[in-house]
There are 2 protein chains.
Amino acid sequence: MPVGIDDVARAAGVSTATVSRALSGRPDVSASTRQRVQAIAVELGYAPTPSAVSLASGRTRTIALLTPWVSRWFHSNVIEGACRSLRAAGFGALLNSFEVHEDATRPPVNLEVLRRRVDGVLVAGMTMSPAEVAMLESLRVPLVYVGSGPPDQVLVHIDDVATARRATEHLLALGHTRIGHISGYPTEPTPWASEVERATGYAEALRAAGLEPEPELMAYGRFARPGGRASAAELLDRVPDLTAVVADSDEMAFGVLDVLRERGLRAPDDLSVIGIDGHPLGDLVGLTTLAQDAIGLGETAARLLLEMIGGATVERQVVFPTTLLARDTACAR
Amino acid sequence: MPVGIDDVARAAGVSTATVSRALSGRPDVSASTRQRVQAIAVELGYAPTPSAVSLASGRTRTIALLTPWVSRWFHSNVIEGACRSLRAAGFGALLNSFEVHEDATRPPVNLEVLRRRVDGVLVAGMTMSPAEVAMLESLRVPLVYVGSGPPDQVLVHIDDVATARRATEHLLALGHTRIGHISGYPTEPTPWASEVERATGYAEALRAAGLEPEPELMAYGRFARPGGRASAAELLDRVPDLTAVVADSDEMAFGVLDVLRERGLRAPDDLSVIGIDGHPLGDLVGLTTLAQDAIGLGETAARLLLEMIGGATVERQVVFPTTLLARDTACAR
DNA sequence: TTGAAAGCGCTAACAC
DNA sequence: GTGTTAGCGCTTTCAA
């Protein structure tokens, strides 16, 4: 029942080798033969068996999408964007998501499952340990990182240092001087993790304004709303004269607003809040934020990956701009 | 460099067949041989080549995830849940998302790309045309639908009729009599589409209260916020005595709130609003809604699919409950 | 430009 | 319980 390459070959009166060449668009086939073979393939409803193609050619027309979550705003949008590019190229995406514990430790990801299974890997919003990076590289397939990644790798991202600096400067310009920072994970040792870079940007802005970043102004919200809430509560309790806060993600900023509501406080009157992301629902609460184009990041990253798979050399870093959406949650002191 | 099955066979002093049997856990191998082979496989870092396994066995240990979007709340959570089950079973997910046009017409999905590529298919929050359903069935692999699907298929979902009825009843109980309904796509002909069922539930509730559902009370928001906004504007303009509205999704309800804000109106004072979904950010605006467990739906659906792939027969329908989250956007007339 | 034939790395009858 | 062997359905040299 399933029609194979030799059914096509027989019907076309050529060898299977010629069918293979004709259908995969290789140059050394006469135009007339190619047309005939293509017509017959369509007529017979022939489609190559992926595993046979992979086994024989070593190519899979599939890439791996590595991500810690799929339902968070950043990640789902990066995936959405990546799918767009992949679809256009007829590539599939093998979704690999990982259990992330509250303390940021994931079970060391077993990337062996990817070996010989994909033509490339897209790492989305995930800080890999050096061991994992090494493992990935041993796959010997093109690699693209989205959001953050080792500096010597192909990376599509925003400028995290500049973005956090800008967020902080926005608050400084409004006259705030006691500004908290809600970061990701407290123990993240990877220097290129976005939270580490954002902390740098925050500190740079403060210093440029003649202020010293103090440990008591730092809290860690693990990029999610509950963490944002806990961090805000912590900062509010610890720093009585706190007037503003920079959250490394909008979801954490929502958590900050939760605490304010619970305590009968209001943004921006009692606390100015600025987030990073441009979550589409931020406007529901008038969240001031620095917006990034996560879909665009994913789309671009997948496109680069496909080019690399095609043998091209691509620019090492693509930096996306960030847009200030000045809304209601930040105001002058 | 890549270690193959015969490297293991040689090192263990057995045949490749035995290695295959030992490693894939088949019964007819002596315990001692199995242990030895396993130890050597680990030592050598052997992992079977997926395409070779698939080609020889016909199994892929991969399922297809069909979804129109990945960044929408419902879909990303279903996917997240499905990934959890799949990960536990060592299965991969091939993500297939589709371009959906504003008018709900998608390019007829070419599911040929799935043939021989997956062991099963999970259809998430996507109304398939009869032709697509037929195509899917011709794949001859287990199929599970999440959200909505043909009644004779395995389906994991909420009771859409009952949920919409309950939402409408909630408003009726508050004294509302002019209640609008913001549905999905205006031209959806598939009887089992959630929006069709929800429209039924809405109508049932009205009739039970002695009211007649009127066409002028219906609008179509395509399940997204912009559509919800347009629908609300339309209803508000068309029905001067409108006092409440049921939105088929929380994202559309957010759009309704947008319009109210733009017009200087407020919920629930000027219009009571109730959504369906339980979007985690609904509480930011106090959205009253009927919540469903999208992650649970995905997790369960994937689990069922895996069981079916394993040869088991599973219950045809799994119906998840829905929870009323009575918050601020709905009040007595 | 085309064909013949040797694999790609594994599984599954079948035989022992 | 284990080995032998014939494929699985393609791609890709190599010859012609």
Side-chain angles (χ1 to χ4, degrees), chain A residues 1-38 40-41 44-62 90 112-119 140-141, chain B residues 1-38 40-41 44-62 112-119 140-141 311:
Chain A
M1 190 69 220
V3 20
I5 197 170
D6 26 48
D7 296 310
V8 179
R10 209 170 304 121
V14 296
S15 70
T16 60
T18 299
V19 174
S20 175
R21 287 190 277 250
L23 262 28
S24 53
R26 310 210 6 193
D28 42 1
V29 186
S30 76
S32 63
T33 305
R34 164 163 295 139
Q35 288 200 333
R36 190 156 39 88
V37 170
Q38 285 176 332
I40 291 179
L44 265 44
Y46 167 71
T49 303
S51 49
V53 174
S54 302
L55 186 56
S57 71
R59 294 173 240 110
T60 63
R61 295 191 73 75
T62 300
E112 272 306 335
V113 300
L114 299 180
R115 193 172 295 285
R116 288 167 170 286
R117 198 184 274 270
V118 295
D119 291 342
R140 326 224 101 254
V141 296
Chain B
M1 193 68 223
V3 21
I5 196 171
D6 25 48
D7 296 312
V8 180
R10 207 170 306 122
V14 296
S15 72
T16 60
T18 299
V19 174
S20 175
R21 288 190 276 250
L23 261 28
S24 53
R26 312 218 356 201
D28 43 0
V29 187
S30 75
S32 63
T33 304
R34 165 163 294 138
Q35 288 201 334
R36 189 156 40 88
V37 170
Q38 284 175 332
I40 290 179
L44 264 44
Y46 168 71
T49 302
S51 49
V53 175
S54 302
L55 187 56
S57 71
R59 294 174 241 109
T60 63
R61 295 192 74 75
T62 301
E112 273 305 337
V113 302
L114 300 179
R115 194 172 295 284
R116 292 167 166 288
R117 199 184 271 270
V118 296
D119 291 342
R140 328 222 102 255
V141 295

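Only heavy atoms go into these numbers, but all of them, side chains included; no hydrogens, no water, no symmetry mates. On a predicted model such as this, the values are computed, not experimentally measured, just so you know.
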Side chains of residues 50-58 of chain B: which donor-acceptor partners sit under 3.5 Å, not counting sequence neighbours?
from   : atom 1 : to     : atom 2 : distance (Å)
S54(B) : OG     : P50(B) : O      : 2.9
S54(B) : OG     : R59(B) : O      : 3.1
S57(B) : OG     : V53(B) : O      : 2.6
S57(B) : OG     : R59(B) : N      : 3.1

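- Remark: T62(B) OG1 to R117(B) CZ distance equals 9.5 Å, nearest 0.5 Å.
- Atom CD1 in I5(B) sits 9.5 Å away from atom OG1 in T49(B) (nearest 0.5 Å).
- The stretch residues 25-34 of chain A participates, sequence neighbours left out, in no salt bridge (Lys or Arg N to Asp or Glu O under 4.0 Å) pair at all.
- Under the side-chain hydrogen bond (donor to acceptor under 3.5 Å, both in side chains) criterion, R115(A) pairs with E112(A), S138(A), sequence neighbours left out.
- With sequence neighbours excluded, the residues satisfying side-chain hydrogen bond (donor to acceptor under 3.5 Å, both in side chains) with S15(A) are T18(A).
- For T33(B), the side-chain hydrogen bond (donor to acceptor under 3.5 Å, both in side chains) partners at least two apart in sequence or on another chain are S30(B).
- Taken over five-pair windows at either terminus, the axes of the helix from dT1(C)-dA16(D) to dC16(C)-dG1(D) are inclined to one another by 30° (rounded to 10 degrees).
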### Query
For every nucleotide of nucleotides 11-16 of chain D, 5' to 3': is a protein heavy atom under 4.0 Å from its base (B), only from its sugar-phosphate (S), or from neither (-)?
SBB---
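- Of all nucleotides in DNA chain C having an atom under 4.0 Å from a heavy atom of chain A, the first and last in 5' to 3' order are dT1(C) to dG9(C).
- Residues passing the salt bridge (Lys or Arg N to Asp or Glu O under 4.0 Å) test with D7(B) are R10(B), sequence neighbours excluded.
- Comparing G13(B) and S51(A) by the nucleotide of DNA chain D that holds the closest heavy atom to each, the one mapping nearer the 5' end is G13(B).
- Atoms CG (L55(A)) and P (dG7(D)) sit 17 Å apart, rounded to a whole Å.
- In terms of the side-chain hydrogen bond (donor to acceptor under 3.5 Å, both in side chains) criterion, T16(A) has no residue partners (sequence neighbours excluded).
- Across all strands shown, T33(B) has heavy atoms under 4.0 Å from sugar-phosphate atoms exclusively, and none from any base.
- With sequence neighbours excluded, the residues forming a side chain to side chain contact (heavy atoms under 4.5 Å, CB included) with A11(B) are I40(B), L44(B), listed by chain and number.
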